[in-house]
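All values reported here derive from a predicted model rather than from experimental measurement.
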Amino acid sequence: MISRTSMRGAAMISQQPLGQMLVDRNIITTEQLNEALQHQSQSGHRKLLGEVLVDMKFADEDQVMEVLASGYGIPYLSNAARLADPRAVERLPREFLEEHDVLPLFLVRDTLTVAVAEPANLYLIDEIARISECTVQIVAATLTEIRSSLQAYLPAANVFVIDDIYEDIAEADFSVIEKQVAEISDLQEVAGHSPVVKLVNYLIYAAVQDGASDIHIEPSDHRLRVRYRVDGRLFEKLEPPYQMAPAIPSRIKIMSNLDISERRIPQDGDIHVMMEGRPIDLRVSTMPGKHGEKVVIRIIDARNAMVSMEKLGLEKQMLQQWHELITQPNGIVLVTGPTGSGKSTTLYSALQQVNDEELNLSTVEDPVEATLPGVNQFQVNERAGFNFANALRSMLRQDPDIIMVGEIRDEETASIATQAALTGHLVYSTIHTNDAASAITRLINIGIEPYLVAATLRGVLAQRLVRKICPHCKEPCQPEEGARQLVEQVCGPVDSLFHGPGCPRCRNTGFAGRIGIFELLTLDDRILELVAAAAPLQEIVSCLQKREFCNLRTDGIRKAAAGLTTIEEVLYATSM
């Protein structure tokens, strides 16, 4: 039951091969075509020429598919997801859609329009017509577009074949380093069954692939849901069968060497996995609740912790000032902000910047989130009595030049860090305060004498993370009058701002990735006088405002005006 249009579109193949059409349109050169053809012929696995050209980065998927569609005389859609009607998607079984990579778009008068990546596959088109019992009209779309669109539409059904959920992940790409645990109860046997193992492995694998920082497994009354935190916000990933609620936490406990027979008290553990050849650490926390144990898994991916200073988001002048601070001969440099604001990433980038064969760089962290070549890194072990203060005290006997302390959280650690700065060492650390100026009063409140703070503190960088607008659906928008006034107070007149209406690539959120907003406090003579005199926080803030200090909100507004984020994100992250 294929329509004449789709049959004609599939049969009207251009007299010219795909490669020649790409050359004629100046997308690739003749030399690149010959090289791709040679690679195709020598490859052990058969790939279409278009796939080879994309793999060799001679052309992108959109260019290849647009030319291919033109050759077959059918439309090409670059934004197929926006046209897809969920009711049309339901015309074909989920397994068929995922196996053949087809995306039903809409159904009009018994004609089903479907996006395909292989217009020449007449057998597939005939099968679509047979299953859907509709006349079929085809359009062309890239394989990436179709798959991302299917991911956006299919998860809503929460239909997962648990036995098959892990089949597509190669064992070489993902492996769990498990610890042997003695048999305890029947629950352990259930937790070791194939569906549970595959599901837990899938949750971890998919979370890393999605760039999630946390996995939340939450039982409630006759419901079990799994949520991922991506770019600082939680979203529901899937809803496993409620009957698996006891088995999933038990499986995770086995992997993290926890006591699966104990479900009345919280437990903490860790899992080490290898994914695509790189190690990833998982911090596991369980908490007993009314309807069962809630599990939260923090993902520590070294790939996300290694960011160059230029990519942090510091504007040019602030970046120059920050570089001057982290290259001081001695003193304390602090990074402040709430949990999850990227403080460790900023300090890692600073260590990368100053790393030199002539310097002894040492860190004490909890946990060590990434391995820095050439840097001596030490892991805190509270149970063994190896805390920040003890580690820092011992580290000073190791002849360090630059020391990084994961966090200053008590008087003892702060006092040792201050003494290290006074004796000629440069100390990097973090501290939890809402802004840069509050770090000064925080040190004094911890128990450090004001004159010592003035003598050792070189600068404080406060930061937050805001979501970046998705580059694939980014478009101009007219801001509300209040937002416009706020931006114009900082940046002058603006015609428009930007936002993301949402697309499959950003899960229809309009955001993809995050960028930092910052305020950098350097201590001039007047600020030093106020610090030494233990002046109130408001007096220090007032002094900063008089010298046109760029605070967090101002930096965020500038990034919104530049189209990197939205004004709503900035106001949310810098709420007073």
- Report the distance from atom CD of E568 to atom CG of L497, rounding to the nearest 0.5 Å. 8.5 Å

- For A212 and I299, work out which heavy atoms get closest and say how close. O-CD1, 3.5 Å

- Message: Quick check for you: to the nearest 0.5 Å, what is the distance between S256 atom OG and R251 atom CZ?
- Response: 10.0 Å

- Taking the side chain as C-beta and beyond, is there a heavy-atom pair between E365 and F378 under 4.5 Å? no

- Item | R507 to F235 six-membered ring, cation-pi geometry met (6.0 Å, 45°) | yes

- R233 and E569 ion-paired at < 4.0 Å: yes

- Task: List the atom of I125, the atom of I138, and the distance in Å for their closest heavy-atom pair.
- Result: CD1-CD1, 3.6 Å

- Message: Any non-hydrogen side-chain atom of V354 less than 4.5 Å from a side-chain atom of I402?
- Response: yes

- Query: Once you round to the nearest 0.5 Å, how far does CD of E358 lie from CG of D401?
  - Reply: 10.0 Å

- Message: So T565 and V570, do their side chains get closer than 4.5 Å, heavy atoms only?
- Response: yes

- Task: Heavy atoms only: give me the nearest V230-G211 pair and the separation to one decimal.
- Result: CG1-O, 4.3 Å

- Message: Are the side chains of C134 and T111 in contact, using a 4.5 Å heavy-atom criterion?
- Response: no

- Message: Assess the residue pair E61 and T144 against the criterion (side-chain hydrogen bond (donor to acceptor under 3.5 Å, both in side chains)); give the C-alpha distance rounded to whole Å, side-chain angles, the decisive distance to 0.1 Å, and a yes or no.
- Response: CA-CA 8 Å; E61 273 191 295; T144 300; 2.3 Å; yes

- Task: State, with a plain yes or no, whether a side-chain heavy atom of E35 is found less than 4.5 Å away from one of Q38.
- Result: no

- Near Q320 CD, under 6.0 Å, is it more than 12 heavy atoms from other residues, nucleotides or ligands? no

- Task: Report the distance from atom CG of L53 to atom CG of L37, rounding to the nearest 0.5 Å.
- Result: 7.5 Å

- Test item: T554 side-chain N/O and C550 main-chain N/O as donor-acceptor pair under 3.5 Å: no

- Looking only at atom types and distance, does a side-chain atom of Q463 sit under 3.5 Å from a main-chain N or O of S341, one as donor and one as acceptor? yes

- Item | From Y228 atom OH to I297 atom CD1, the distance as rounded to the nearest 0.5 Å | 9.0 Å

- Task: May I have the step-by-step check of side chain to side chain contact (heavy atoms under 4.5 Å, CB included) for T345 and L312, ending in yes or no?
- Result: CA-CA 9 Å; T345 300; L312 289 175; 4.3 Å; yes

- Query: Any side-chain heavy atom of Y348 sitting closer than 4.5 Å to one from M404?
  - Reply: yes

- Lys/Arg N to Asp/Glu carboxylate O, R298 vs D281, below 4.0 Å: no

- For residues F511 and C470, determine if any side-chain heavy atom of one lies less than 4.5 Å from a side-chain heavy atom of the other. no

- Can you check side chain to side chain contact (heavy atoms under 4.5 Å, CB included) on T566 and I469, steps first, answer last? CA-CA 7 Å; T566 65; I469 299 173; 3.9 Å; yes

- Query: Is the backbone of G342 close enough, under 3.5 Å, to the side chain of T346 for a donor and an acceptor to pair up by distance?
  - Reply: yes

- N/O donor-acceptor pair under 3.5 Å between D231 side chain and G513 backbone: yes

- Message: Please tell me whether D270 and H272 have a donor and an acceptor in their side chains that are separated by less than 3.5 angstrom.
- Response: yes

- Query: Quick one: does NZ or CZ of R91 land under 6.0 Å from the six-membered ring centre of F96, within 45 degrees of the ring axis?
  - Reply: no

- Answer yes or no: is there an ion pair linking K559 with D555, defined by an N-O contact shorter than 4.0 Å? yes

- Query: Is it true that a side-chain atom of Q137 and a backbone atom of T113 form a donor plus acceptor pair closer than 3.5 Å?
  - Reply: no

- Note on the structure: Note: G556 and I517 closest approach over all heavy atoms is CA-CG2, 3.6 Å

- Task: Flag the pair I515 / L465 as yes when at least one side-chain heavy-atom distance between them is below 4.5 Å, and no otherwise.
- Result: no

- To the nearest 0.5 Å, atom CG of L92 lies from atom CD of E99 at 12.5 Å

- Query: Is it true that atom CD of E118 has more than 12 heavy atoms of other residues, nucleotides or ligands lying nearer than 6.0 Å?
  - Reply: no

- Message: I'd like to know if the side chain of Y428 reaches the main chain of G406, judged simply by a donor and an acceptor atom lying under 3.5 Å from each other, with no hydrogens or angles considered.
- Response: no

- Message: Closer than 3.5 angstrom, by distance alone: can the side chain of Q379 be matched with the main-chain N or O of V368 as a donor-acceptor pair?
- Response: yes

- Starting from the C-alpha separation in whole Å, work towards a yes-or-no answer on side chain to side chain contact (heavy atoms under 4.5 Å, CB included) for Q353 and H323. CA-CA 8 Å; Q353 186 74 21; H323 185 267; 3.7 Å; yes

- Verify, without hydrogens or angle tests, whether S70 (side chain) and E66 (backbone) share a donor-acceptor contact under 3.5 angstrom. no

- Message: Tell me whether N376 contacts the main-chain N or O of L361 through its side chain, where contact means a donor paired with an acceptor under 3.5 Å.
- Response: yes

- Step-by-step side chain to side chain contact (heavy atoms under 4.5 Å, CB included) determination, I248 to V295: CA-CA 9 Å; I248 292 175; V295 181; over 6 Å; no

- Query: Is a side-chain donor or acceptor of D62 paired with a backbone partner of T142 at a separation under 3.5 angstrom?
  - Reply: no

- Taking every heavy atom of G502 against every heavy atom of C473, the minimum-distance pair comes out as N-SG, 3.5 Å

- Query: What pair of heavy atoms forms the shortest contact from M65 to A117, and how long is it?
  - Reply: CE-O, 3.3 Å

